[in-house]
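Labels below follow one simple rule: chain letters A, B, ... track the order of the sequence lines, proteins then strands, and each chain is numbered from 1.
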Amino acid sequence: MSALLEVDGVSRRFGGLYALRDVSFSVGEGEIVGLIGPNGAGKTTCFNVVSGTLAPSTGTVRFKGHQIAGLKPSAIVALGLARTFQATTVFPTATVLENVMRGAFARTPVSPLASLFNTGAARAGLAASEERCARLLERLGLAPFRHQPAGELPYGHQRRLGVAIALAAQPQLLMLDEPVAGLNPEESAEMGRLIRDLHETEKVTVLLVEHHMRLVMGICHRIVVLDHGEKIAEGLPAEIRSDRSVIEAYLGTEEEA
Amino acid sequence: MHDPRLPTTGSGRLPGSAAGRTWAVRLGALAALLAAAALPHFVSNQFYMHMANLALLNAIFTMSLGLIAAVGQLSLGHAAFAATGAYISALGALHLKLPPLLGIAASGLATALVAAILGKILLRLRGVYFVLVTFLAGQVVTLVALNWESVTRGANGLVGIPPISVLGYSLGARAQFYYFALAAFVGVFILLRALMRSQYGRAFRSIAENIELAESSGIDASRYQVIAFAIGSGIAGAAGAVMAHYIRYVSPDTFTFHESVAYITMLVVGGRQTLTGAVLGAAFLTPLPELLRGFVSMQHIIYGAVLVSVLIFLPGGLASIGHRIAKMTRGGRPRP
Amino acid sequence: MDFSTLLAQAALNGLVIGTMYMLMAIGFTLVFGIMRIVNFAHGEFYMLGAFSAFFTYAQWEVPFVFCLVIAALTIGALGALVERAIIRPFRNDELSGMIATLGVSVVIQNAAVVAWGPTPRAMPNVVDGVLSVGPFTFPLSRLVVIATAALIFAVFWFFMQRTRTGRAMRAVAQDADTALIQGIRVNTIYPIAFAISVALAALAGALMAPIFSVSPFVGLTPMLKAFVVVILGGLGSVPGAVVGGLLLGLIESFTATALGSLVADILQLLLVILILLVRPWGLLGQKEA
Amino acid sequence: MRRLLTALLPLACVLSAPAASADSLKIGVLATLSGAGTAWGMSMQGAAELAAEAVNAKGGLEVAGKKYKIEVVAYDDKYKAADALTAMNRLAFDDGVKYVVGPLGSAPALAVLPVSTENKMITMTMAFTPKALSADFKYSFRPVIPSDVFSDPQIKWVVEKLGGKRIGGLFPNDESGQQVGAANEKAYEAAGAKFVAKEFFERERVDFVPLLTRVLAQKIDVFELNGNSPQTAGLLVKQLREMGFKGPIIRTGGDATADIVKVAGKAAAENVYVHQPIDLASPAIQNYTKRFEDKYKIPLNAFSPFFYANLEMLFEAMRRAGTVTDTDKVRTALLALKDFDTVLGKVNWTGQAQWKSNQQLDAPFYVAVVKDGKPVVQAKCTPAKCQ
């Protein structure tokens, strides 16, 4: 198994407190990996460190062999790693198509300067990009809304648009931050299907942070469990389900979760 | 007011979305431009020409501020860049006999460079810190202009700045300067419109709307914020130089914090979303103080009240009135 | 005047100015910490406080303690009103909120010009006379300012630490989302925070009014200094505002006494720029994630 | 486009308000009517309005058989050159004004004088810069006496009378402060005293104690207040006295006595020597003071009568020239007035030697000391000497 993403000994302190302590794991090409843990376990911090929003205090993160810890998010995207967000998933006032065009920014074969002078090549490049984005919307069932402002879409559609924006960057590794948070069971199931579908047809590797156990257990090949900023378990869904430390960690916070 | 009829195209929001109305808009813009060009022939009152000139210059200041605002940054030091440009060109003309046109270009480049360096250094300082830093930058410029007496002549300011001349033809008079200001205005308008419709504009809007998501879409927010800040400030610097050659005088008082606030007010009142908004704001608010020239306190109160009311009741500014009306008359027909 | 007297003078003066900066900056930073808004009208509330003291103390001869209470209450109430009417619509749009406060500042200042005229007014000192300690003489009027400011700060600190509302405000400042989950109501906390903030500015204005003069334009300088102080101490940090305010007052006093005013002003700006470069979150502020 | 038009139409209407009727004569006022310089701006506006009142009460100004009602148009320049320029443009082209009381301050003056000269507008300025009067600015008159003229004899008198040897002073870091500071130092040194402490400060500063501490550390005998705005002067006096300075404080600059007393209080203002441009004991001045204070409810600034006097002369010049429109003729007639009786007493024009322009009003001035809140004249001065 060739590792696409290697997280090695990553710690992150806020003030004097460790939000992450010496966390290591890897994601292999073609895998769907779940990152789970109770509230405050450090999942989001971990996610932010990998995607470049936060710099780790110590440790390294490698993507396709490149050291990416501390790089800007935009540079990391350029390498082929894209993410979604939990809360602010879309550009609300722009149209759905424009949202995806923005997501495709790094993959649009047009230099900004060329587009400023509106050269023929720039127009052609933008047209090609637009076509690709339109296909992507088609694929995710969002095509009928392409000219609507994203903020006016139903919530479930907005979450899906968030995935579309990330996909528009043509990532090899797609990181999803609680993709089904706030969705109803039906929408959640649909999102689960979509992820699996994307994984199969687009050959995209997925790292998933999620609360929703059924989704994680259902689609992930492998699961990493964090608690209090430390990795407490890693393994196949079946192993995790019966892991004592995991059960304890979750029981301890059951009522909150 | 006899302000130039300005092309009202170019919301620049979505490339291609304007395709349907292109011809009507182009014709309208052309007509407006012709009307603006003919203005001096109909207006003999020199005071109105003076106001038209000020309105054009203010429109340039406001549009360039709007560019910075388009990336989600509020600059409280816009006038400081105008002052920097004004001093550079004025000093160049007075000491080096630099032709004003060259001086203006040099001012624009120099202030853009300063802004780029400042922006690069203060990369981390987004949002509120950016506001405070631009504010302090304004203070620094005023302090330097005041205290670097040997160069800036201190509070006395620089007197006897030559007027702009093009091919040996002096543009000292108001009507002649008007054509220069109009040309500069149209140039800046076209440049900014192209910018906002290009991939730059796409990046700017993404950053303004959701900076985290923009970053994660591969848009280097810091880079584009610096670009917008440098271009916006560079234009302000050049326009400041133009102003210096027009009023032929510059002192630390010419461009202060109050001017920065005035530009913000024009931008907000006209509408932050579009270039047209900035132009409307300048066209509307430049003559407004004249209503109460003898009673400035009242004038300021109205200015402030207009600013706050527009923010609350008409967040899109004057420019959005048209959209609102259009929306109502179209009766909810889906957008093209 | 010998050297030690000079030092003592400079220190005392630095403390006086520092307490004014401190009171201004605490309110300023409080509103920023809680509402994420830079209040450009903060200086105008200082000015209103000064006018309030002028009318109550110099004209109606109310005892000064009550003058302070009146200033804090009336202007605090005005602040709550301003928050409700003008700032609330921009709860999720900090930039517009800031621009709105610019508008408010312009309106208040010029309304004051229309109502009270632009000419400065002087008012009598609260106490006259000097305190002589060995070779040093200190004007009592200035000592009173320091003591009163310390008392005001103590009351404020007690409020923030010991009352429910105070604790709620601190919670919102630290982590708005969590605080909201815990049931703290923004619609009550914001106006209170804003009222307290401007009441502190008004108190600073009322305290300083007898020492300086009173005019519609006196709010500008204290506000500028509040900016500098919060950058120095850290945006949103109350201890930072206290330390930064006193520090700035002392630095300013000593540099101005030793090197002259212009050098002092330029040094101040350089200091701010230096802080921004090496420690943009301020001396006591927290680095944002 | 229509939107733009409709929005701006009302503005256009207001701006092009109907031109004055044929029988009215407009006098412009271009001065600072807001902010720290208001006291001076008001003194100019007041002079224009009172002069108009006086003429209109007699049925108007009769020139060449026609009676003109005087109308005053006052604009605020906010003490900024750019605003002054806009206001002057408006006076010139929109209001068609030919006579302006103003501009005030050196920066606005230098910005607007080219426009007023180009349009042959007669201006009566309160700008002390030497450049405000010159052969280039043919129509620029200055009724008030600039400090570089009156400070020399006054300083000489003060140094002799008070025996001060070590002088200290604090000046604002603006155009007047920078100029006055240098001029003052020279004058004191010429009179045999030494300027041992000279400090500049930014205009936003309100606390002068650190700077005064610095100045007092030089063991000064006399403190000089010139160049400061009236309110700053008051604050300085107040803080100086609080710090225990008991020596004489001198104000050689423009009149600020009323503000000094108001801000610093009567007690602190004792032993302050002020430049007194007018003789408060003269009945004409007392009458004028009463009219001014009754109308505006603010203390009279002593510059006001100078503008009033200049307007009296202007009206007389119009009568003699027989025109209100030909400013060249009016200017000639104005310059021809000799020993003309005004509110200030008999006055003349001077200045040829100094500025190559004989358009400086020449009137006696005084040195006074503040006693119980009122200036008491100590000596009468001419540009040559005080006694």
Side-chain angles (χ1 to χ4, degrees), chain C residues 1-3 5-10 12-14 16-17 20 109-110 113-114 117-125 128 130 137-142 208 210-225 249 252-266 268, chain D residues 32-39 41-42 170-173 197-220 229-235 237-239 241-245 258-269 296-299 301:
Chain C
M1 224 184 290
D2 61 41
F3 188 67
T5 326
L6 213 62
L7 274 184
Q9 285 280 2
L12 175 79
N13 194 57
V16 170
I17 301 300
M20 167 174 106
Q109 185 185 90
N110 289 284
V113 176
V114 171
T119 25
R121 304 154 187 244
M123 55 186 280
N125 281 331
D128 281 316
V130 290
T137 50
F138 302 118
L140 279 176
S141 56
R142 292 191 169 232
M208 294 297 154
I211 298 189
F212 306 133
S213 61
V214 181
S215 90
F217 311 106
V218 293
L220 177 68
T221 308
M223 190 190 69
L224 292 184
K225 300 299 179 179
E252 205 177 286
S253 178
F254 279 113
T255 48
T257 309
L259 305 165
S261 159
L262 298 184
V263 184
D265 288 346
I266 289 169
Q268 217 176 78
Chain D
T32 305
L33 304 173
S34 59
T38 308
M42 277 303 297
L170 218 56
F171 303 94
N173 194 25
K198 189 169 87 177
E199 297 289 331
F200 288 94
F201 60 88
E202 293 311 320
R203 264 174 295 177
E204 286 87 32
R205 185 171 275 274
V206 285
D207 183 41
F208 301 102
V209 172
L211 302 174
L212 292 177
T213 307
R214 245 171 104 72
V215 171
L216 292 184
Q218 296 298 320
K219 300 195 188 342
I220 58 164
S229 74
Q231 75 176 87
T232 310
L235 269 180
V237 170
K238 180 174 183 170
Q239 293 182 358
R241 294 298 190 219
E242 271 175 9
M243 294 176 70
F245 180 70
D259 288 288
I260 290 176
V261 172
K262 215 168 147 189
V263 173
K266 278 182 190 170
Y296 299 104
K297 314 282 179 228
I298 54 171
N301 185 286

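Interface remark: of the candidates C:M208, C:K225, C:R142, C:R142 forms the most heavy-atom pairs closer than 4.5 Å to chain D.
The nearest pair of heavy atoms linking D:V237 to D:A268 is CG1-O, 3.6 Å.
With a 4.5 angstrom heavy-atom cutoff, D:Q218 does not touch chain C via any of its atoms. Of the atoms belonging to C:M123, it is backbone heavy atoms, and not side-chain ones, that fall under 4.5 Å from chain D.
Listed for the C:S253 side chain is no donor-acceptor partner under 3.5 Å among the backbone atoms of D:P210.
By the side chain to side chain contact (heavy atoms under 4.5 Å, CB included) test, D:K262 is found to be paired with C:T119, residues two or more places apart in sequence or in another chain being considered. Residues passing the side chain to side chain contact (heavy atoms under 4.5 Å, CB included) test with D:A258 are D:P299, sequence neighbours excluded.
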